[in-house]
Each structure stands twice: as structure tokens, then as C-alpha cells.
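Inspection log for the structure reproduced underneath, given as C-alpha cells.
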Amino acid sequence: MGKQQDVGEADRHSESGTTAHRPIGGDDDARLALAQDPTTPQMTLIDLASDPSALVRKAVAARADAPAQALRPLTRDHDRQVREAVARNPSTSIANLMRLVKDADRWVRWAVAGNPACDESIRQVMSKTSDKELRGLLAESRELEPELAARLIDDVSPEVRERLATHTLDPDVITALLADRTARVRKGVARNPRTTAEQRSALAADPVVDVRAALVRAVELSEADLTRLVDDRAVQVRMAMATSEFVPAHIRQALARDADEMVASAARDYRPGAANASAVRAPRIAHRPSAAGANRSGGGTNR
């Protein structure tokens, strides 16, 4: 993580090694260029943090070398995109991230979840928030503490539990969620490559079609499980097998003779690499779709 630089420290980007001001003037474009210039002194960045242009302030907020004195006031900036830039900045202090994870704007809160500087204190706050998406982003974290994972196992939202089930590395969490009564959660477990052979056999016998279909698309199965599923009563499951990169050739050959012509055709026409590249999505890092889309999203209290 980058370290916020105090004003009294030598400016490592200045040739003179001082924190002397660089004159600020010109139009918005000139000041934006100054805010983005890696040689701009720290004291100048502090001044630019109060610039009338939100674009200039955002440029300062995004700099990993921005001093704490510049980032601190920007956590309270009236422009949500400026605060969001601070929330993404890996040099932002824990105190400022704690403030931003409680921000009224959802995009600012979600940006904190992707910040590598987040520590357990921030994740504790995330686990107790009423913001379902923020809890979902936490559930996808690779550094989730066992205590927080245990809390999310019982999360009121099936989506949060599903995201935990898909991404967790903890075998105890996988075991617990395998018994979840909600099918979409077990579907998440089915996509998790950390499941054991025994757990995969249990999922192969799951009564819900979506769970079995997700399983055959996501992981390698034993010969016994494959043999049973090749005659699965659900066309959806057999179609998933016909197009899965994890199904061996002899099983696909059997599916080429399937009673359903769409399944048979899919098996015959299968080409390696034609299926989805990955059964497990990478953890989400919330980004605004566009500036226009963000403006249409309305107020900052949406959850």
C-alpha cells in the first residue's frame, strides 16, 4: 500500500527535494494537467484539492502519492466521483476509508470494498451494513476472516450467501453452504473449484436442475457422477454437459446420441474453447458504468 506523505517530508517528485509551491493559474485544463503531473509538489496538490473544478479535485484524489492533507478533505467533497476516487486510492488511510465505507452514496461505499488497503476493521463494518451489495462484495473477498465468513453464512440475502459459496476458500464454509436450503446458494457451491469429490457427488444428485447444470459446467466430476448425469432427466443438464469444457470426450460422444436433437447437435459440434471462458466470475469490483449512467442513478442513498 502506498503511504500518504506528510507536508513536512521532502517531495520525492520534485527535482529540488522541497515542497515549494508551483504557481497555480490558467484554465481548468491547465490546472488538471498540473494535478496529473507526477512532478507537482505536495503543497501544490494540497492547494489543488480545493480547486473549483471537480475534475481537478478528482485527479488529486486518485493520486497514490497525494499527501494526507489533500485526501482528508476530499473524503467530504460534495462531488460523489471525487469521494469515489479517494475510496479507490490505495494510499487512503484507514480512518478515511472508515468514513467512506459509510458514505451516503452507494458507489463510494462499493469502491471502498475494492481498495487493497482495507483491513479487518473495515470488513467488520461491511459485514454489518444494510447495503446488500456491499456485503456481497465482502463475501467475495479472498482475505475474509473466519468470524466474518461465519456471519455471512447466515446472511439474510441468498445472493450474498451465493457469492460467498462461489468464492470462499474455506472448506468449513463450503460444507455449511452445501446444506443451504436455497438452491441458488448450492448453485454457488457447485461453481466453487475448492469442493471435494464427495461434495461434488452430492451436488450431482441435487434435486434442483440449475444446481446440477452449474456443476457440470464448472468442475471435473468422477466417472460415476458423469455416467449418472449423462442420462439426467433434465435436458438443461445434458445440454450443459454437451458444451462443458470439463466433460471428457467419451461422455460427449455418448451425448452425441442423445434423444434430444439439440443436445446431440451441441455435443457433435462442440469445439474446445467455444464455451464460457470461466465458470467462476472474478470477484466484482464495483465501477460506474459511465458518467451519464451515474447521473441517472439519482441520489446517493440508493442501496
Side-chain angles (χ1 to χ4, degrees), residues 101 106 109-110 113-114 123-222 224-226 228-229 231-241 243-244 246-247 275-286 302-303:
V101 81
R106 57 181 178 171
R109 299 192 300 267
W110 298 349
R123 289 190 285 272
Q124 284 281 356
V125 172
M126 292 170 64
S127 72
K128 298 174 183 177
T129 182
S130 60
D131 183 342
K132 180 181 72 172
E133 177 63 19
L134 190 55
R135 299 197 312 275
L137 290 167
L138 174 65
E140 295 180 346
S141 172
R142 296 297 189 186
E143 300 178 357
L144 191 59
E145 290 76 11
E147 173 195 347
L148 300 184
R151 181 178 300 164
L152 293 176
I153 286 172
D154 297 319
D155 195 275
V156 67
S157 168
E159 179 186 342
V160 172
R161 303 198 307 274
E162 177 190 11
R163 291 164 73 170
L164 178 65
T166 302
H167 293 279
T168 184
L169 306 178
D170 190 326
D172 293 334
V173 175
I174 293 174
T175 299
L177 293 174
L178 184 64
D180 196 289
R181 298 173 67 177
T182 302
R184 70 179 295 177
V185 178
R186 301 195 304 278
K187 183 177 176 181
V189 177
R191 294 195 296 263
N192 193 319
R194 293 297 183 108
T195 50
T196 65
E198 182 180 0
Q199 289 168 336
R200 293 178 185 184
S201 290
L203 290 163
D206 194 280
V208 177
V209 172
D210 283 349
V211 175
R212 303 196 303 276
L215 180 72
V216 298
R217 283 193 294 262
V219 295
E220 295 181 358
L221 297 173
S222 69
D225 290 334
L226 289 168
R228 182 168 67 253
L229 289 169
D231 293 319
D232 194 278
R233 64 185 180 276
V235 172
Q236 180 181 340
V237 174
R238 304 198 307 276
M239 177 63 77
M241 294 185 73
T243 56
S244 172
F246 296 100
V247 169
N276 291 335
S278 176
V280 179
R281 298 188 306 270
R284 304 179 194 177
I285 300 298
N302 294 336
R303 289 174 180 169

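One is the number of the first residue; the rest follow in order along the sequence. On a predicted model such as this, the values are computed, not experimentally measured, just so you know.
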Practice problem: Identify the heavy atoms of I153 and L164 that sit nearest to each other, and give their distance. | Solution: N-CD2, 3.8 Å
Self-check item: From L215 atom CG to D206 atom CG, the distance as rounded to the nearest 0.5 Å
Solution: 9.0 Å
Quiz item: Below 4.5 Å, heavy atoms only, C-beta onward: do R217 and M241 meet side chain to side chain?
Solution: no
Exercise. Over all heavy atoms of both residues, which pair between R228 and S201 is shortest? Give the atoms and the distance, please.
Key: NH2-O, 3.8 Å
Self-check item: Reported OG1-to-CG distance for the pair T195 and L203, which is rounded to 0.5 angstrom
Solution: 6.5 Å
Quiz item: Is T182 reaching over with its side chain to a backbone N or O of R184, donor-acceptor style, under 3.5 angstrom?
Solution: no
Quiz prompt | A139 versus H167, closest heavy-atom pair with distance | solution = O-CB, 4.4 Å
Quiz prompt | Pair E133 + R163: basic N to acidic O under 4.0 Å | solution = yes
Exercise. Please assess R186 against L178 for the test side-chain contact (heavy atoms from CB on, under 4.5 Å), listing each intermediate value before the final yes or no.
Key: CA-CA 6 Å; R186 301 195 304 278; L178 184 64; 5.6 Å; no
Practice problem: Report yes or no: does S244 contribute a side-chain atom to a donor-acceptor pair with the main-chain N or O of V216 at less than 3.5 Å? | Solution: yes
Practice problem: With rounding to the nearest 0.5 Å, note down the distance linking CG in L148 to OG in S127. | Solution: 5.0 Å
Self-check item: R212 side chain near V209 side chain, heavy-atom distance below 4.5 Å
Solution: yes
Quiz prompt | For the student: nearest non-hydrogen atoms of R123 and E145, plus distance | solution = NH2-OE2, 2.7 Å
Self-check item: Heavy-atom closest pair, residues L134 and R109
Solution: CD1-O, 3.5 Å
Quiz item: Under a 4.0 Å N-O cut-off, is there an ion pair linking D155 with R135?
Solution: yes
Quiz item: Do E162 and K187 meet the salt-bridge criterion of a basic N to acidic O distance under 4.0 Å?
Solution: no
Practice problem: First locate atom CG of L137, then atom CH2 of W110, and finally report the distance between them rounded to the nearest 0.5 Å. | Solution: 8.0 Å
Quiz prompt | Residue pair T166 / N192, side-chain donor-acceptor N/O under 3.5 Å | solution = no
Self-check item: Residues L144, L152; criterion side-chain contact (heavy atoms from CB on, under 4.5 Å); working and verdict
Solution: CA-CA 10 Å; L144 191 59; L152 293 176; 3.9 Å; yes
Practice problem: Name all residues meeting the side chain to side chain donor-acceptor pair (under 3.5 Å) criterion together with D210; count only those two or more places apart in sequence or in a different chain, and write none if there are none. | Solution: Q236
Quiz item: Taking atom CZ of R194 and atom OG1 of T168, what is their separation to the nearest 0.5 Å?
Solution: 9.0 Å
Quiz item: Nearest heavy-atom pair of L177 and R161: which atoms, and what distance?
Solution: CD1-O, 3.9 Å
Quiz item: Looking only at atom types and distance, does a side-chain atom of T129 sit under 3.5 Å from a main-chain N or O of V125, one as donor and one as acceptor?
Solution: no
Exercise. Report yes if the side chains of Q199 and T175 come closer than 4.5 Å at any heavy-atom pair, otherwise no.
Key: yes
Quiz item: Sub-3.5 Å donor-acceptor pair from the side chain of R200 to the main-chain atoms of E220, do we have one?
Solution: yes
